[in-house]
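Residue numbers start from 1 in every chain, and the chains themselves are labelled A, B, ... in the order their sequence lines are given, proteins ahead of strands. Quantities reported herein were computed from a predicted structural model and do not represent experimental measurements.
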Amino acid sequence: MGRSPCCEKAHTNRGAWTKDEDARLIAYIRAHGEGCWRMLPKAAGLRRCGKSCRLRWINYLRPDLKRGNFTQEEDDLIVKIHSLLGNRWSLIAGKLPGRTDNEIKNYWNTHIRKKLLSWGVDPATHRPIKIGSICFERRREEDGAEAQHPQPKCPVDLNLELCISPPLQQATSSSSRSVN
DNA sequence: AAACCCACCAACCGCGATACA
DNA sequence: GTGTATCGCGGTTGGTGGGTT
């Protein structure tokens, strides 16, 4: 048995939100607060599914959101936390006030991922990329590509070695993890 | 000026987790 | 203990704008 859809697609708007829809959503949440996303669209007079309302609020309309470019500090922090937690975007977002998981995920995929790859670092493991048994960086030296197209170097102070913070006994006795 | 390419990002989709009857 | 509804997360898609040919 398949999962039932979260909403009746035939009677809901899809795609980009209009100013009027944004205004209705903001007004409703200011008056009633967040929560019960399932009921919200009907109560707010929106032809959207609750999921869509929640996403729009969290990723775009929340008043505490910090818009604009990521700072170098945020950039470094994302890389460091990602090396510990992997693609746990909501957890990473929790360490970056004013940033959303979606925003960080997009930033990772469009900026940081490419930057790490250009350094010869695997974005998934945060370890030097190896091709077969040959290290990526060594290959570059061997084929002379480095001389013709010098690559940016990984910052010295950015520790990309995997470093799981919980002590060994915690790692074996508990699955809960925290980053501070 | 037009066509094409690419990067960015808002939004959607599917699924696991959780709450509740 | 089980089934259902809802929430929240992560992966992916698609529209748009800017740059290049």
Problem - side-chain contact (heavy atoms from CB on, under 4.5 Å) between Leu40(A) and Arg48(A), intermediate numbers included - result: CA-CA 9 Å; Leu40(A) 187 149; Arg48(A) 293 273 180 176; over 6 Å; no
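- Not one side-chain nitrogen or oxygen of Arg38(A) sits closer than 4.0 Å to the OP1 or OP2 atom of dC7(C).
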Exercise for the section: Quick one: do Tyr107(A) and Ile112(A) satisfy side-chain contact (heavy atoms from CB on, under 4.5 Å)? Show the steps, please. Expected result: CA-CA 7 Å; Tyr107(A) 185 66; Ile112(A) 300 178; 3.6 Å; yes
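- Contact between the side-chain N/O atoms of Ser90(A) and the OP1/OP2 oxygens of dC9(C) is found at a separation under 4.0 Å.
- Atom CG in Leu61(A) sits roughly 11 Å away from atom P in dA10(B) (whole-Å rounding).
- Residue Lys114(A) comes nearest to Asn109(A) through the heavy atom pair CE-O, 4.5 Å, listed as atom of the first residue, atom of the second, then distance.
- If you take CD1 of Ile58(A) and C1' of dG8(C), they are 8 Å apart, rounded to a whole angstrom.
- Taking only side-chain nitrogens and oxygens, Arg54(A) comes nearer than 4.0 Å to OP1 or OP2 of dG8(C).
- The side-chain hydrogen bond (donor to acceptor under 3.5 Å, both in side chains) test with Asp75(A) singles out one residue from Lys80(A), His111(A), Lys115(A), and that residue is Lys115(A).
- Atom CD1 in Ile92(A) sits about 10 Å away from atom P in dG11(C), given to the nearest Å.
- At dC12(B), one or more side-chain N or O atoms of Arg48(A) fall inside 4.0 Å of OP1 or OP2 (strictly under the cut-off).
- Here Trp89(A) reaches the OP1 or OP2 of dG11(C): one of its side-chain N or O atoms lies under 4.0 Å away.
- Annotation for Lys66(A): atom NZ counts as buried by contact number, over 12 foreign heavy atoms lying within 6.0 Å.
- A straight line from CG of Asn87(A) to C1' of dT12(C) spans 13 Å, rounded to a whole angstrom.
- Rounding to whole angstrom units, CD of residue Glu103(A) and P of dC9(C) are separated by 15 Å.
- Between Leu96(A) and Ile78(A), the shortest heavy-atom contact is CD1-CG1, 3.4 Å.
- Residue Arg14(A) has a polar side-chain atom (N or O) positioned under 4.0 Å from OP1 or OP2 of dC13(B).
- Looking at heavy-atom distances under 4.0 Å, Asn59(A) makes no contact with the nucleic acid at all.
- As rounded to whole Å, 7 Å separates atom C1' of dC9(C) from atom NZ of Lys105(A).
- Trp37(A) has a side-chain polar atom (N or O) that falls below the 4.0 Å cut-off from OP1 or OP2 of dG8(C).
- A parallel orientation is assigned to the rings of His82(A) and Trp108(A), their planes being inclined by less than 30° (bins at 30° and 60°).
- Atom CH2 of Trp108(A) is separated from atom P of dT12(C) by 16 Å (rounded to the nearest Å).
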Under 3.5 Å, which protein N or O atoms sit close to an N or O of nucleotides 6-9 of chain B? Give each pair with its distance.
{"residue": "dC8(B)", "atom": "OP1", "partner": "His111(A)", "partner atom": "NE2", "Å": "3.1"}
{"residue": "dC8(B)", "atom": "OP2", "partner": "Thr110(A)", "partner atom": "O", "Å": "3.1"}

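- Put simply, CZ on Arg88(A) is 16 Å from P on dG8(C), counting in whole angstrom units.
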